[in-house]
Amino acid sequence: MVAKKEEKNYWLMKSEPDVFSIEDLEKVPAQTTHWDGVRNYQARNFMRDTMKVGDQLFFYHSNAAPSGIAGIAEIVKAGYPDFTAFDKNDVHFDPKSDKANPTWYMVDVKFVESFARVLSLEDLRGIAALQNMVLLQKGSRLSVQPVTSSEWQAVVALARKL
DNA sequence: GCCAACGTTGGC
DNA sequence: GCCAACGTTGGC
């Protein structure tokens with residue numbers, strides 16, 4: 001019996017570098033962290049239902065100067081309950097999340113590489129192949145979003161040209 | 001700091 | 001179920 005080969009999925013995940021940057025991820029033990037604090041259902045669904053170990057993601061710096069894609073990380077642990085939702089002292093505490101039936105999920109991500117420099121929104125808007133990228137759509141502010149493989153390749157190609 | 005766009009809440 | 005008010009995100 002031959003297992004069906006699962007396609008690798010690509011993602012983009014946003015973090016404010018003042019809070020947690022890709023440089024922070026590179027320095028942390030095992031270069032791995034849990035991606036806690038996502039409190040949006042669409043983003044939650046991606047982490048809980050679709051992300052799997054081995055998927056790769058663009059680490060996006062939001063509210064930064066400039067905002068943009070800072071590098072690459074990979075999923076090393078698939079969706080599991082976000083325990084910060086249960087911690088009364090955590091900024092991400094959510095009294096409505098029940099341990100028996102958690103509302104919020106997270107994944108673990110591991111550092112892969114930092115780009116030579118951040119690819120700004122302006123850089124990305126200059127690439128025709130990225131016209132339909134979720135990130136670049138007007139009003140789009142989803143903090144965990146899918147990236148197609150052609151978009152992934154176009155961004156990586158741009159990063160390699162730096 | 002401003003503000004547009006989006007998501008959530010809650011009165012009815 | 002509608003929708004106004006409020007809170008959050010995130011570029012600029």
Side-chain angles (χ1 to χ4, degrees), chain A residues 9-28 33-51 55-75 79-109 111-148 150-152 154-159 161-162:
Chain A
N9 292 315
Y10 298 103
W11 307 94
L12 181 144
M13 297 173 81
K14 298 179 181 175
S15 181
E16 300 194 22
D18 290 348
V19 178
F20 192 82
S21 70
I22 195 164
E23 291 80 15
D24 293 328
L25 181 60
E26 190 174 7
K27 280 183 255 169
V28 116
T33 193
H34 47 263
W35 202 274
D36 63 342
V38 171
R39 296 293 179 268
N40 169 281
Y41 288 102
Q42 219 182 330
R44 186 278 312 269
N45 291 346
F46 286 133
M47 293 199 295
R48 186 190 60 187
D49 305 333
T50 319
M51 279 186 178
D55 285 358
Q56 290 194 301
L57 60 110
F58 290 131
F59 194 118
Y60 181 86
H61 284 175
S62 61
N63 270 313
S67 293
I69 297 176
I72 296 175
E74 66 177 333
I75 307 297
Y80 62 106
D82 181 342
F83 51 77
T84 67
F86 308 131
D87 180 356
K88 218 174 291 184
N89 297 314
D90 195 282
V91 285
H92 299 302
F93 174 63
D94 180 358
K96 294 190 296 301
S97 187
D98 172 10
K99 270 185 189 171
N101 185 19
T103 308
W104 305 116
Y105 281 71
M106 60 187 175
V107 295
D108 286 358
V109 307
F111 176 83
V112 173
E113 69 169 284
S114 278
F115 292 156
R117 68 172 172 79
V118 171
L119 301 179
S120 70
L121 288 171
E122 194 186 0
D123 293 329
L124 300 172
R125 288 202 176 97
I127 305 294
L130 301 181
Q131 262 188 354
N132 295 320
M133 195 175 182
V134 174
L135 178 73
L136 302 181
Q137 304 313 302
K138 183 177 161 63
S140 160
R141 46 176 223 192
L142 196 58
S143 66
V144 175
Q145 52 182 258
V147 171
T148 67
S150 60
E151 288 162 354
W152 180 271
V155 171
V156 171
L158 180 61
K161 277 195 298 192
L162 294 177

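Within every chain, numbering begins at 1; the chains are lettered A, B, ... in the order of the sequence lines, protein sequences first and strands thereafter.
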Show me, pair by pair, the donor-acceptor contacts under 3.5 angstrom made by side chains of residues 15-22 of chain A, not counting sequence neighbours?
| unit_1 | atom_1 | unit_2 | atom_2 | d |
| --- | --- | --- | --- | --- |
| A:S15 | OG | A:F20 | O | 2.6 |
| A:E16 | OE2 | A:N63 | ND2 | 3.3 |
| A:S21 | OG | A:E23 | N | 3.3 |
| A:S21 | OG | A:E23 | OE1 | 3.1 |
| A:S21 | OG | A:D24 | N | 3.1 |
| A:S21 | OG | A:D24 | OD2 | 3.3 |

Could you tabulate the donor-acceptor pairs under 3.5 Å formed by side-chain atoms of residues 86-93 of chain A, not counting sequence neighbours?
| unit_1 | atom_1 | unit_2 | atom_2 | d |
| --- | --- | --- | --- | --- |
| A:D87 | OD1 | A:N89 | N | 2.9 |
| A:D90 | OD1 | A:H92 | N | 2.7 |

Kindly list each side-chain donor-acceptor pair under 3.5 angstrom involving residues 114-132 of chain A, sequence neighbours excluded, with atom names and distances?
| unit_1 | atom_1 | unit_2 | atom_2 | d |
| --- | --- | --- | --- | --- |
| A:R117 | NH1 | A:D123 | OD2 | 2.8 |
| A:S120 | OG | A:E122 | N | 3.4 |
| A:S120 | OG | A:D123 | N | 3.1 |
| A:S120 | OG | A:D123 | OD2 | 3.2 |
| A:D123 | OD2 | A:S120 | N | 2.9 |

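Sequence neighbours left out, not one pair with a member in residues 133-147 of chain A passes side-chain hydrogen bond (donor to acceptor under 3.5 Å, both in side chains).
A residue-by-residue look at A:K138 and A:Y41 shows that A:K138 has its nearest nucleotide of DNA chain B further toward the 5' end.
Residues passing the side chain to side chain donor-acceptor pair (under 3.5 Å) test with A:W35, sequence neighbours excluded: none.
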Treat primed atoms plus P, OP1 and OP2 as sugar-phosphate and everything else as base, then score nucleotides 2-12 of chain C 5' to 3': B for base contact with protein heavy atoms under 4.0 Å, S for sugar-phosphate contact only, - for none.
-----BBBBBS
